[in-house]
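Notes for the one structure printed next.
This one's a predicted model, so the numbers in the text were calculated from it and none came from an experiment.
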Amino acid sequence: MSEISVRFRIVGIYFGATYKNAVTQEIKVSVPANPTVAQVMEAAALEAVRGQIPGVTSFLFSPAAPTPDEFCESVSVDYNKSPNGRLDSGLYRLQQSEEAFQEQILQYYIFDENFVQKNTKNEQAPFGGPPPVEIEDGDLVLWRMVTIATKPINSSRAKGRQNRMSKAMAANL
């Protein structure tokens, strides 16, 4: 089976976002042709364990062995040195959550080698089975945490604050 090289990055915890001469350097992994997103993540986790990602002692995701229909629930990276010169070393995690009026979900995007997005629906998709578009040699798999409003906020306090802010903004126009 032939292998391809895929780039990998997680926005929000700086994983795969090292900078060299002001250019972002993503993590590059080798995976079998036509990989799932989970296979790309597994390859990145192995690179971390092998010490091949500078400053990273481990990269984990959950579920670790996803079924084709499962969504990624969390990602975490343990840095033994600052990932970007501004953050402290230590464990960083993004985890899905649901609150009264919003939920935070992990979404992935697949970009070609020219940074053109290939999966353009921008929706949460399972990561253990075939992705919505084929991952090809040179592509980038990029994860990010997205907050989605799920219900209107119907409290009089929130509406009153919104009205005051709207009037203040209108007065400044």
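Counting only residues at least two apart or in different chains, ring-ring contact (aromatic ring centres under 6.0 Å, His included) contacts with residues 62-82 comprise Y79-Y92. Sorted by first and then second residue, the salt bridge (Lys or Arg N to Asp or Glu O under 4.0 Å) pairs with a member in residues 95-106 form an empty list; sequence neighbours excluded. Residues in residues 62-79 take part in no salt bridge (Lys or Arg N to Asp or Glu O under 4.0 Å) pair, two or more places apart or across chains.
The OG atom of S97 sits 7.5 Å away from the CD atom of Q102 when rounded to the nearest 0.5 Å. Taken from CG in L94 to CG in L106, the straight-line distance is 6.0 Å, to the nearest 0.5 Å. Atom CD of Q52 and atom CD1 of I27 lie 11.5 Å apart (nearest 0.5 Å). With rounding to the nearest 0.5 angstrom, the CG atom of N119 is 6.5 Å from the OH atom of Y108.
The shortest distance between side-chain heavy atoms of I4 and P35 falls below 4.5 Å. Put simply, the side chain of V146 reaches to within 4.5 Å of the side chain of R144, judged on heavy atoms. Side-chain contact between V77 and Y14: absent, with no pair of heavy atoms (C-beta onward) separated by less than 4.5 Å.
For P66 against G128, the heavy-atom pair with the smallest separation is CG-CA, 3.8 Å. Looking at every heavy atom in both residues, A100 comes nearest to K151 through O-CD, 3.6 Å.
L91 and I53 are members of different hydrophobic clusters when ILVMFWY side chains are connected at heavy-atom separations under 4.5 Å. Under a hydrophobic clustering in which Ile, Leu, Val, Met, Phe, Trp and Tyr are joined whenever their side-chain heavy atoms come within less than 4.5 Å, directly or via other members, F8 and F115 fall into different clusters. By the rule that hydrophobic residues join a cluster once side-chain heavy atoms approach within less than 4.5 Å of another member, F15 and L87 end up as members of one cluster.
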Check residues 131-140 and write down every donor-acceptor pair under 3.5 Å in which the side-chain atom is one partner and the other belongs to a residue at least two apart or another chain.
{"residue": "E136", "atom": "OE1", "partner": "K118", "partner atom": "NZ", "Å": "2.9"}
{"residue": "D137", "atom": "OD1", "partner": "S5", "partner atom": "N", "Å": "2.7"}
{"residue": "D139", "atom": "OD2", "partner": "K118", "partner atom": "NZ", "Å": "2.6"}
{"residue": "D139", "atom": "OD2", "partner": "E136", "partner atom": "N", "Å": "2.7"}

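By the salt bridge (charged side-chain N to carboxylate O under 4.0 Å, His left out) test, R50 is found to be paired with E47, residues two or more places apart in sequence or in another chain being considered. In this view, Y109 satisfies the ring pair (Phe, Tyr, Trp, His ring centres under 6.0 Å) rule with no residue, not counting sequence neighbours. Take N163 and apply the side-chain contact (heavy atoms from CB on, under 4.5 Å) test, not counting sequence neighbours, and it matches no residue. Judged as a side-chain contact (heavy atoms from CB on, under 4.5 Å), and not counting sequence neighbours, the contacts of A43 are V29, V31. In this view, Q95 and S74, R93 satisfy the side-chain contact (heavy atoms from CB on, under 4.5 Å) rule, not counting sequence neighbours. Judged as a side-chain hydrogen bond (donor to acceptor under 3.5 Å, both in side chains), and not counting sequence neighbours, the contacts of Q117 are N122. In this structure S89 satisfies the side-chain hydrogen bond (donor to acceptor under 3.5 Å, both in side chains) test with no other residue, sequence neighbours excluded. Considering only residues two or more places apart in sequence or on other chains, Q124 meets the side-chain hydrogen bond (donor to acceptor under 3.5 Å, both in side chains) condition with Q96.
Between F61 and F59, the ring planes are tilted. Angles from 30° to 60° get that label.
Counting only distance, with no hydrogens or angles, the side chain of D112 and the backbone of N114 share a donor-acceptor pair below 3.5 Å.
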